[in-house]
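Below is one structure, written out as structure tokens; the observations come after it.
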Amino acid sequence: MTAEQMGQEICVMGWVQRRRDHGGLIFIDLRDREGVLQLALDPDRDPEAHKKAEQVRNEFVVAVKGKVSPRPEGTVNPKMKTGEVEIEVSELKILNRAETPPFMLDDYSEVAENIRLKYRYLDLRRPSVQKSLMLRHRVSRTVRRYLDDQGFLDIETPVLTKSTPEGARYYLVPSRVSSGQFYALPQSPQLFKQLLMVAGFDRYAQIVKCFRDEDLRADRQPEFTQIDCEMSFVDREDVMTIMEGMIARVFSEGIGVEISCPLPRITYAEALAKYGVDNPDLRFGLELVELTSIVKGCGFKVFASVADKGGMVKAINVKGAATFSRKELDDLTSFAAIYGAKGLAWVKMTADG
RNA sequence: GGGGCUGUAGUAGAGUCGGUUACAACGCCGGCCUGUCACGCCGGAGGUCGCGGGUUCGAGUCCCGUCAGCCCCGCCA
């Protein structure tokens with residue numbers, strides 16, 4: 001709905017997001033995948049449509065005819081993309097009625113994931129879910145176009161295949177034809193990718209499902225999608241440059257954020273030294289500080305013995321944390337224990353020493 | 001394989017030291033309302049407190065078991 005359509009007679013169809021009945025005037029927020037549009041039903045303009053609108057409930061599917069009109073002075077809603085217009089409805093048809101949904105299909109209501117999945121056909125109507133799927137569409141479209149521009153061939157690889165000795169466990173599919181035998185689902189298209197390189201397809205790319213039969217986490221699913229690529233006759237710099245270009249374009253076309261390339265780079269050694277992991281979240285900010293040489297030969301055996309045996313002692317400087325209570329420090333200690341720490345040594349340093 | 005947390009109305013939550021009829025919100029139903037937009041006001045319905053057992057005069061609350069969900073460790077590139 002754009003300003004160009006102002007004054008036009010149009011027909012729109014969609015789902016009823018919300019009805020606001022003022023006794024006289026009735027407003028209906030009509031939803032489709034692009035957004036929400038306000039319908040105004042005035043009993044003086046069309047009593048029949050207004051009467052039908054009284055029966056309308058959330059998630060009814062309706063079709064209306066009417067005029068695209070500017071909203072009256074002072075009733076513009078700046079929070080809505082279509083907040084300056086509304087449809088002055090002259091005809092309303094209920095295409096499908098709906099039972100009351102088990103939960104609110106808006107972006108304000110928090111609903112447990114298992115409930116959302118039970119009613120997935122309703123959950124998929126929620127604007128936030130639709131936005132996510134549309135973003136995903138834009139991302140995969142952008143990736144395919146970009147990789148095509150860079151000379152990559154999009155080649156499909158088999159899903160029902162043979163297991164190969166790799167890390168993750170395979171999902172198995174029983175074979176009807178070869179009774180007692182199984183197919184393995186690929187944990188990644190690794191083998192096929194190598195096959196393609198050997199055959200001379202010097203740039204291959206695929207957006208592809210991978211399956212790993214390992215225990216789950218909040219951010220880890222049994223099946224997931226991977227952008228899989230491989231290049232021949234290139235060096236490290238070529239790989240990084242092409243991947244950075246892809247990330248920049250995905251952010252630009254996906255969410256309109258411009259990223260300047262090259263991205264900041266740190267070496268593996270630097271990442272481990274400063275953050276202790278090879279995939280640091282730089283927002284964390286608390287860098288590890290090397291203390292091994294300082295604690296060597298100090299009286300505190302926990303540190304000194306590690307340093308003497310060629311180990312490493314590092315600390316983080318948490319500014320402003322000298323005010324932490326004993327309980328807070330104890331809580332942090334048990335938090336560290338989750339990851340296998342035997343203890344948490346701390347020193348408070350205040351302005352007066 | 002191991003550990004932790006949580007299960008109360010359709011939804012998401014509160015419920016004190018075990019004590020009378022389990023609470024308010026959103027949603028739902030009815031009424032009122034002609035410029036709202038997460039409309040407003042008034043009224044109403046809606047509960048196997050996950051399930052089973054135990055302690056007790058008395059259990060949403062305490063104990064044991066069980067089931068489900070979430071999160072984490074191991075595992076996973």
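The model shown is predicted, which means the values in this text are computed figures rather than measured ones. In what follows, every chain begins at residue 1, and chains take the letters A, B, ... in the order their sequences are listed.
Using Watson-Crick or G-U wobble geometry with both donor-acceptor distances under 3.5 Å, B:A68 finds its partner in B:U6. The base-pairing partner of B:C62, taking Watson-Crick or G-U wobble contacts with both distances under 3.5 Å, is B:G54. Across all strands shown, B:G47 has no partner, as no Watson-Crick or G-U wobble contact with both distances under 3.5 Å is found.
Of the residues in residues 54-66 of chain A, those lying under 4.0 Å from RNA chain B by heavy-atom distance are A:Arg57, A:Asn58.
Judged by distance alone, the side chains of A:Glu290 and A:Thr292 do bring a donor and an acceptor atom under 3.5 Å apart. Side-chain atoms of A:Gln226 and A:Ser188 form no donor-acceptor pair, as typed in the model, at a separation below 3.5 Å.
Residue contacts shown for A:Gln38 include a base, since a base heavy atom lies under 4.0 Å away.
In this structure, A:Arg220 does not reach the B:A77 phosphate: none of its side-chain N or O atoms is under 4.0 Å from OP1 or OP2. Proximity of A:Arg169 to the phosphate of B:C76: no side-chain N or O atom is located under 4.0 Å from OP1 or OP2. Under 4.0 angstrom from either OP1 or OP2 of B:U36 there lies no side-chain N or O belonging to A:Arg20.
Within the structure, salt bridge (Lys or Arg N to Asp or Glu O under 4.0 Å) pairs that include any residue of residues 235-246 of chain A comprise A:Glu237-A:Arg265, A:Glu244-A:Arg265 (at least two apart or interchain).
With both ends at atom P, the span from B:A68 to B:U21 equals 35 Å, rounded to whole Å.
An aromatic stack links A:His22 and the base of B:C39, using centre distance under 5.5 Å and interplanar angle under 30°.
Residues A:Tyr204 and A:Phe201 place their aromatic rings such that the two centres sit no closer than 6.0 Å.
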Produce the list of close N/O pairs, under 3.5 Å, pairing protein atoms with atoms of nucleotides 5-10 of chain B; give distances to one decimal.
{"from": "B:G10", "atom 1": "O2'", "to": "A:Pro102", "atom 2": "O", "distance (Å)": "2.5"}

